[in-house]
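Written below as structure tokens is the structure these notes are about.
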Number of protein chains: 2
Amino acid sequence: MTGSRAPSVPGRRATRQRTAIAGLLDELSDFRSAQEIHEELRRRGDGIGLTTVYRTLQALADAGEIDVLRAGTGEASYRRCSEHHHHHLVCRSCGKTVEVEGPAVEHWADRVAAQHGFAEVSHTVEILGLCAACRQT
Amino acid sequence: MTGSRAPSVPGRRATRQRTAIAGLLDELSDFRSAQEIHEELRRRGDGIGLTTVYRTLQALADAGEIDVLRAGTGEASYRRCSEHHHHHLVCRSCGKTVEVEGPAVEHWADRVAAQHGFAEVSHTVEILGLCAACRQT
DNA sequence: GTCGATAGTGACACTCGTTGTCGATCTGTG
DNA sequence: CACAGATCGACAACGAGTGTCACTATCGAC
């Protein structure tokens, strides 16, 4: 349960806009684009600029507070995630997201990279599929 | 006349431009963006339009003849690859690319997806690192 | 070989996500 | 409270990629 904490991480100051974005991210559980977040905030009456949303999301991502997912078009989506290393299982229809772990995958990636003389290894693993609910229809 | 194979896959006709693009892809072993391919062809004297390069690469990708990799910015890179399912180990400095296989990863992805009720599963796995040569410097 | 239908080409305008600019505004501090 | 500097946001700019459409090259038919 998230009681209260400092929702500002971007730079340092706590502003109305940053609080609003952080709050919305806490509510949402699936990946949302910057534009969607901007729209939702405006719908709620929070006057906020698109530029600010972009900058704040990027800062949060840089700080590791939220995860970024780049869709096929290169459009970025954001989501508040748990802190430990994990990957995502995303429904390609409704966007439902499940965090998954795979120690075996981590080891495999490191091993393969080492075999080819690569160091400072990072990796991206995303699984796309159709969730049970979306298949029903 | 028709001593060589048919390098055209996009639509059906074999044109000078398509032959040039296919030929260049055969030479290169690392991922290149559409713009880089366009520049290189022009440098060689092949008069070719950027639009045509984009369309041809996309058609080749749709036909499964080449692989697409989307960098952080969403910029797409293309590369002629082997036909069987594989993933890439890419040097983040020089772009050197190695094809790798990981049956364990495939199974893991399918299993995890099934556990959460997901079907029609696809996945992306890319490993980024610094190759031996780039570390030396 | 040459004709003609038509797939293909490419200069250009345009979309769209994202970033840069810069004066106005707000925050935390002294 | 006053102030320096962080932050905001309207707008312009950017860059990858796509749509348009008149012109051109390919290739099957003859």
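Each chain gets a letter, A, B and so on, in the order the sequences are listed, and its residues count up from 1.
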| remark: Here the distance between atom P of dG9(D) and atom CD1 of Ile21(A), to the nearest Å, is 9 Å
| Going by the ring pair (Phe, Tyr, Trp, His ring centres under 6.0 Å) test, which pairs reach into residues 96-117 of chain B, not counting sequence neighbours? | none
| request: Rounded off to whole Å, could you give me the CZ-to-C1' distance for the Arg18(A) and dG9(D) pair? | output: 13 Å
| Results of side-chain contact (heavy atoms from CB on, under 4.5 Å) for Glu36(A) - residues two or more places apart only | Arg32(A), Ser33(A)
| If you measure only the distance, is there a donor-acceptor pair under 3.5 Å linking the side chains of Glu99(B) and Ser82(B)? | yes
| dT24(D) phosphate, OP1 or OP2, under 4.0 Å from Arg16(B) side-chain N/O | no
| query | Should Tyr54(A) be listed as having a side-chain N or O under 4.0 Å from OP1 or OP2 of dT18(C)? | reply | yes
Atom pairs under 3.5 Å: protein N/O with N/O of nucleotides 27-30 of chain D:
residue: dC27(D); atom: OP1; partner: Ala14(B); partner atom: N; Å: 3.2

| field | Residues in salt bridge (charged side-chain N to carboxylate O under 4.0 Å, His left out) contact with Arg44(B), at least two apart in sequence or another chain | value | Glu27(B), Glu40(B)
| request: Rounded off to whole Å, could you give me the CZ-to-C1' distance for the Arg42(B) and dT9(C) pair? | output: 12 Å
| request: Just jot down the salt bridge (charged side-chain N to carboxylate O under 4.0 Å, His left out) partners of Glu101(B), sequence neighbours excluded, or say none. | output: none
| message | Would the distance check show the side chain of Arg42(B) and the main-chain N or O of Ile48(B) forming a donor-acceptor pair, the cut-off being under 3.5 Å? | response | yes
| said: How bent is the helix from dG1(C)-dC30(D) to dG30(C)-dC1(D), measuring the angle between the end axes built from five pairs each, rounded to 10°? | reply: 30°
| task | Go through the structure and list residues passing side-chain contact (heavy atoms from CB on, under 4.5 Å) with Gln58(A), not counting sequence neighbours. | result | Asp62(A)
| task | Check whether any side-chain N or O of Arg55(B) sits under 4.0 Å from OP1 or OP2 of dT18(D), and answer yes or no. | result | no
| message | Any side-chain N or O of Gln35(B) below 4.0 angstrom from OP1/OP2 of dA16(D)? | response | yes
| Do any pairs count as a side chain to side chain donor-acceptor pair (under 3.5 Å) and have a residue in residues 119-131 of chain B, sequence neighbours left out, and if so which ones? | Arg92(A)-Ser122(B), His85(B)-His123(B), His87(B)-His123(B), Glu106(B)-His123(B)
| message | Taking transitive links into account, so neighbours of neighbours count too, which hydrophobic residues share a cluster with Tyr54(A) at under 4.5 Å side-chain distance? | response | Leu50(A)
| task | Would you kindly give the NE2-to-C1' distance between His38(A) and dC16(C), to the nearest whole Å? | result | 15 Å
| request: Identify, residue by residue, the members of residues 44-53 of chain B with a heavy atom below 4.0 Å from DNA chain C, and return them in order of residue number, or none. | output: Gly47(B), Ile48(B), Gly49(B), Thr51(B), Thr52(B)
| Integer-rounded Å distance: dG17(C) C1' and Leu69(A) CG | 15 Å
May I have the list of side-chain donor-acceptor pairs in residues 128-137 of chain A shorter than 3.5 Å, sequence neighbours left out?
residue: Arg135(A); atom: NH2; partner: Gly117(B); partner atom: O; Å: 2.5
residue: Thr137(A); atom: OG1; partner: Cys134(A); partner atom: O; Å: 2.9

| field | Backbone N/O of Thr15(A) and side chain of Thr19(A): donor-acceptor pair under 3.5 Å | value | yes
| To the nearest angstrom, how far is Leu57(B) atom CG from dT9(C) atom C1'? | 15 Å
| note | side-chain contact (heavy atoms from CB on, under 4.5 Å) filter on Phe31(B), not counting sequence neighbours, yields Asp67(B), Leu69(B), Ser77(B), Arg79(B), His88(B), Thr97(B)
| field | Gln58(B) side-chain N/O to dG17(D) phosphate OP1/OP2 under 4.0 Å | value | no
| query | Arg70(B) has an atom CZ; how far is it from atom P of dG17(C), in whole Å? | reply | 14 Å
| field | Whole-Å distance separating the CD atom of Gln17(B) from the P atom of dG8(C) | value | 11 Å
